[in-house]
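Working notes for the structure below.
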Amino acid sequence: MDKLSLTDIKKKNYADIYHFIYKNKKISKQAIAQGLGISLPTVNQHLNALLQNGLIEKSGRLQSQVGRKATLYSILPQAHTAIGVEILRDRIVIAAVNLLGEETASRRFHLEFKNAKEYFSCVSGYILEFIEDIRLPRQTILGVGFGIQGLVSSDGTRMMYSRILDTDGITTQTFENHLNLPCLFIHDSECAAENTLWHFPEIQDSIYLSLGRHLGGAIIVQGKIQRGRTGKSGTMEHMTLFPNGKKCYCGQLGCAECYCSAEALLQPSETLRTFFQKKNAGDEACVQRWRQYLDCLAMFVNNLHLVIECAIILGGHLAPYMQEADFQYLHEKIQTLTAFPEEEPFLLPGAPYPNSVAVGSALQFIQAFLERI
Ligand SMILES: [Zn+2]
C-alpha cells in the first residue's frame, strides 16, 4: 500500500472527525479523540477548521460530568442542501433535503409534461421560486436531482428511454442553463429505492418494487443498486405476467405494469385516496378490485422471488395505503403459488415517507458530498 502523505493524513482525519460527529449526533472532543485514536491537539485543530467551514456547531455541554462540563459538537444539517424534483406527466414535486437526508421543505405544482423549451423554463422557474421561498443561500446548494419516469444514461446527464414522457434528447444542460447549478437525472424507481436504503442501511440484498402510478423496480445487491450494463436492470415492470394480456405502454402485451401499477388499479376518475376511502368503507366493487390487484401482485412477487431469493420491499405511492392484512394476504397467496412454500415472510413495507422520489433524487448529491468530504 502506498504511504499516505501528510496532506492525505490531514484530509483523512478531517473527514473521519466529521463522520464520527455525524454518526454520534452530539459528542465531546475527548470522546472523538478516544473513539478515533487521534491526539487531542489534532482533534482540536480539525474541529476549529470544521467550525470555520460552517459544517459543525457547538451544541451544549455534557450533562453527566463532575467539574468542568465538556462542550458537545454536532454537524450542521443545513450547511448544505440538495434539491430533488420528481417529474411526472401532469405535475412536478420539489423537495429540499439537508445533510441528514431529511426533507426540510416541499412543493407540488400541476404542470403537463412537454418536451419543449417553455416546459423546461417553467420547471426551472418553479425550482428557483422554491429556493427563494425557503430562503436557501445559493452557495449551500449541492445540486438538483431529477427523478424521471424512464431510463437515463449511466452518467445521469441524458434521458435515454421513456414511453411515458417524450424525453428524446433531453440533457441536464437544458436545466443547468436556467438554474446555474449541477443537475442529474435519475430513474425514478432508483430514487425511491435510494430513499429506502437511506432509512434502512441494514438492507443488503433485496428487490425494491415501486407501486406508483406506473410500476418500477430496482435490484439491491450488497446495499447498492444494480443498474446493469445499460441501466435496464430492475425494469421488471415489463416482465410478461399474462401472455397476450393487456396492452402495455411499452408496446408489448401482458406486462406486469398493466396489472400491478396504481394506474391498473384505478379507474380514470379515481385517485389512490378516493379509491382507498371507498374500499375501506366497504364498497364491494372496490374491495373486489383490490383483491384482484393483490392476486396479480402475489403472482408477480412470487416470480421475482424465484429469480432472486431475498426480501422484496413494496414502496411507491400506493404502499402507504397498504395495511398489515394486505401483506398477510399476499404472503398467504404466494404460499399457494410458489413451488417452494416458506413460513418466513419476505415482503417488507418501503420507507413510509411521502415524496420519496423527489427526496431520493436529492440524496444522490448528499451521498456524494459525504463521500468526498
Ligand atoms: Zn411493458
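Scope of the values below: all heavy atoms of this structure, side chains included, with no hydrogens, waters or symmetry mates. Every number for a ligand or one of its atoms is a count from 1 in the order of the listing.
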_Checking side-chain contact (heavy atoms from CB on, under 4.5 Å) between Val93 and each of Val359, Val357, Asn355, which is the one that passes?_
Asn355

_Parallel, tilted or perpendicular: rings of Tyr321 and Phe276 (30°, 60°)_ = parallel

*asked:* Can you count the protein N/O/S atoms lying under 2.8 Å from the Zn ion (ligand 1), leaving waters out?
replied: 4

_Residue pairs fulfilling side chain to side chain donor-acceptor pair (under 3.5 Å) with at least one residue in residues 123-148, sequence neighbours excluded_ = Arg107-Asp133

*Glu270: partners by salt bridge (Lys or Arg N to Asp or Glu O under 4.0 Å), with sequence neighbours left out*: Lys278, Arg289

_Could you check, using the six-membered ring where one of them is a Trp, whether Phe300 and Tyr259 have ring centers closer than 6.0 angstrom?_
no

Validation: residues 33-41 side-chain donor-acceptor distances under 3.5 Å, sequence neighbours left out:
| residue | atom | partner | partner atom | Å |
| --- | --- | --- | --- | --- |
| Ser39 | OG | Thr42 | N | 3.4 |
| Ser39 | OG | Thr42 | OG1 | 2.8 |

